[in-house]
Amino acid sequence: MDFLKGYSLTELLEQSNFNGLGWAVTSILFYLSVYHFVLFVKSREKFYLLYSVYAFINAVNLIKRVKGVFVEHIYMEYADFFIHINFPIQFASYLVFSFFLIEILNFKKHFPKFTRFFTIYALVTSSIFAVLVLGRYLWDGYDYMRWYYILIFMPCTLIFLIYGIYLTIKTGEAVRYVILAGYLILGISSFILAFLTFGRDLSFTNKYYYVYYLAVLAENFLYTYALAIKQREVYEQKFEVQTLLLDQLQENEKLRDQLNKSLQKEIQEKESKISFLEADAEEQRVAKLRSEYEQQITQLHLQSLRSQMNPHFIFNALNSIKVFLIESDKENAVLYLNRFAKLIRMILESSREFKISLGEELDIAKLYLSLESIRFEDGIQVQLEVGRDVNLREVKVPPLVFQPFLENAIWHGLMTKNGAKTIKIHVFRENEDVLVSIRDNGIGREESSKLKSDQTISKQSIGISLSADRLKFFNQSENLNYHFEIRDHQGLSEESGTEVIFYLRVL
């Protein structure tokens, strides 16, 4: 440490632009920029990217102050370039920093109106400033750019800063005071530096610039600490939701097993009673009782089939929420979970009934389609048309009878289709029958079979087979003739696809 002898701490600080202190601070900023960009690539959290850009901009802005290192030669050789980007880079720094605060403090959740207003303001003011930056080269408009930056943008920034302090405290986020301390330290140090160097020459600026260096260093260390806290919160939230979903899935599997065992036991009891009555009672009485017990067995078979379909659908929905969590899409995960909870409630309510109205079944179908639509970037356009002569309350159907066909339409017809995706549900009368048409504009069964593996095709066939069995038992129980047929449509893109028609026919 001989090279420090003869120098006081104050003298070392006052020579910050010449003795390597400034270069050390700038190097730290470059390191933080690269480090947090790597974290962004791994986690896809936007606040890492915004902070990486902010740190990089500040590092570039400080390079011109550093003396005695290789970057001084770069600055001297491209002096005009650094002079020209002075105002634009400070402008970009303020905006990137603002969006960093909005993201890490979760303003979209706490103050959605303010977030939308500030986004619009940023777009407008950036557009104006970009025109003025070009104007300095096209019509010598440097004075206009400087005037706009100092007299309009900076006062607006000050207003947003003051109001932002209030909003920061009001968010209630765990990192709010760390963030607040960071930009208050930088703001106060900038004011002190301006006060010390106002009206003075460059030598005074170099002498007291260590005030700004130390503030930048403290600010960025505080923000790095805030980011660590935020990442911990994100991890805990993901872990909590994943644990909740896993518990729900395990509970669902347990309930399904219990229900199946109970149903199988009831079926065996009914069948044994029929056998006993056949051997012990008169033929007419046995026939009557056989009919009653067979109807009960049919209903139990229907419940058993439905118990196999419900967990399959619930598992798919939970898996979709898991995908959103893996992709850090928290907003869609929350939206999907809320709609999923509503759909589960509707399914549980309908599961208590042996049959529900056609209107209730269509409500469940619409909510299911809205859930699946969230997974697609452009969504799925759902069209529901009901004839005026159809009374949806009078027509009864087994619960969830349409869901497997809607699922096939989405995953085997629309998933690999480019362009607009549409599912049309048309309910109408034909003589005394009520017909329900479910038509998609997907790639069709023939093209789907070429793209899918044997395992996937097998799963699709099982879903259709289960639906056919349910209608068969339902017809036996209710003395009906419900059935369906599948039609393939070929032609132009908007005319192609698959159509399933249900014939709800009374014998």
Side-chain angles (χ1 to χ4, degrees), residues 1 3-4 7-40 47-79 81-83 85-98 100-101 104 161 178-198 200 202-228:
M1 305 293 287
F3 64 93
L4 293 178
Y7 293 95
S8 65
L9 178 61
T10 302
E11 290 175 333
L12 288 172
L13 292 175
E14 289 177 350
Q15 295 296 316
S16 60
N17 285 332
F18 303 92
N19 60 17
L21 176 60
W23 175 239
V25 173
T26 305
S27 300
I28 291 173
L29 290 178
F30 277 121
Y31 167 77
L32 292 175
S33 174
V34 174
Y35 174 72
H36 287 95
F37 181 77
V38 172
L39 291 180
F40 163 73
F47 48 75
Y48 280 134
L49 176 63
L50 291 168
Y51 178 71
S52 173
V53 175
Y54 174 67
F56 179 79
I57 290 175
N58 283 340
V60 173
N61 192 37
L62 291 177
I63 284 179
K64 61 178 178 287
R65 297 286 179 181
V66 180
K67 310 295 182 182
V69 293
F70 72 95
V71 292
E72 181 180 9
H73 301 291
I74 298 175
Y75 175 75
M76 295 300 295
E77 186 173 352
Y78 301 99
F81 170 76
F82 282 96
I83 292 173
I85 67 171
N86 183 44
F87 283 119
I89 205 169
Q90 291 184 36
F91 181 90
S93 176
Y94 288 130
L95 288 185
V96 172
F97 175 70
S98 299
F100 166 69
L101 293 183
I104 196 171
L161 176 64
V178 179
I179 294 293
L180 186 63
Y183 65 76
L184 284 180
I185 288 174
L186 187 65
I188 293 171
S189 67
S190 299
F191 175 79
I192 293 173
L193 181 63
F195 177 78
L196 292 174
T197 61
F198 183 76
R200 305 294 185 91
L202 182 61
S203 62
F204 276 88
T205 302
N206 288 330
K207 180 178 180 181
Y208 294 110
Y209 212 72
Y210 70 88
V211 175
Y212 188 73
Y213 281 138
L214 296 178
V216 168
L217 203 58
E219 177 207 35
N220 282 275
F221 283 148
L222 286 170
Y223 290 166
T224 301
Y225 176 61
L227 287 168

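A distance of 7.5 Å separates CG of Leu29 from CG of Leu217, quoted to the nearest 0.5 Å. Within the model, atoms CG of Leu227 and OG of Ser52 stand 10.5 Å from one another, a figure rounded to the nearest 0.5 Å. Atoms CD1 and CG, from Ile57 and Leu62 in turn, are 12.0 Å apart once rounded to the nearest 0.5 Å. Atom CD in Glu219 sits 13.0 Å away from atom CG in Leu214 (nearest 0.5 Å).
The environment of Phe37 atom CZ is sparse: at most 12 non-hydrogen atoms of other residues, nucleotides or ligands sit within 6.0 angstrom. The environment of CZ in Phe40 is crowded: more than 12 heavy-atom neighbours from other residues, nucleotides or ligands sit within 6.0 Å.
Across all non-hydrogen atoms, the minimal contact from Tyr48 to His36 is CB-O, 3.5 Å. Closest of all the heavy-atom pairs between Ser33 and Phe56 is OG-CB, 3.3 Å. Taking each heavy atom of Leu50 and Val96 in turn, the nearest pair found is O-CG1, 3.3 Å. Counting all heavy atoms, side chain and backbone alike, Ile185 lies closest to Ala218 at CG2-CB, 4.3 Å. When all heavy atoms of Tyr54 and Leu186 are compared, the pair lying nearest together is OH-CD2, 3.8 Å.
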Open item on the list: Under the criterion side chain to side chain contact (heavy atoms under 4.5 Å, CB included), I'd like the reasoning laid out for Val216 against Tyr212: C-alpha separation, chi angles, the key distance, then a yes or no.
Closed with: CA-CA 6 Å; Val216 168; Tyr212 188 73; 3.5 Å; yes
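No donor-acceptor pair closer than 3.5 Å links the side chain of Ser93 to the backbone N or O of Ile89. A side-chain donor-acceptor contact under 3.5 Å links Thr224 to the backbone of Asn220.
With a 4.5 Å cut-off on side-chain heavy atoms, Leu32 and Tyr51 count as touching. Looking only at side-chain heavy atoms (C-beta outward), Phe97 and Leu161 stay at 4.5 Å or farther from each other. In this structure, the side chains of Tyr35 and Leu39 come closer than 4.5 Å at one or more pairs of heavy atoms.
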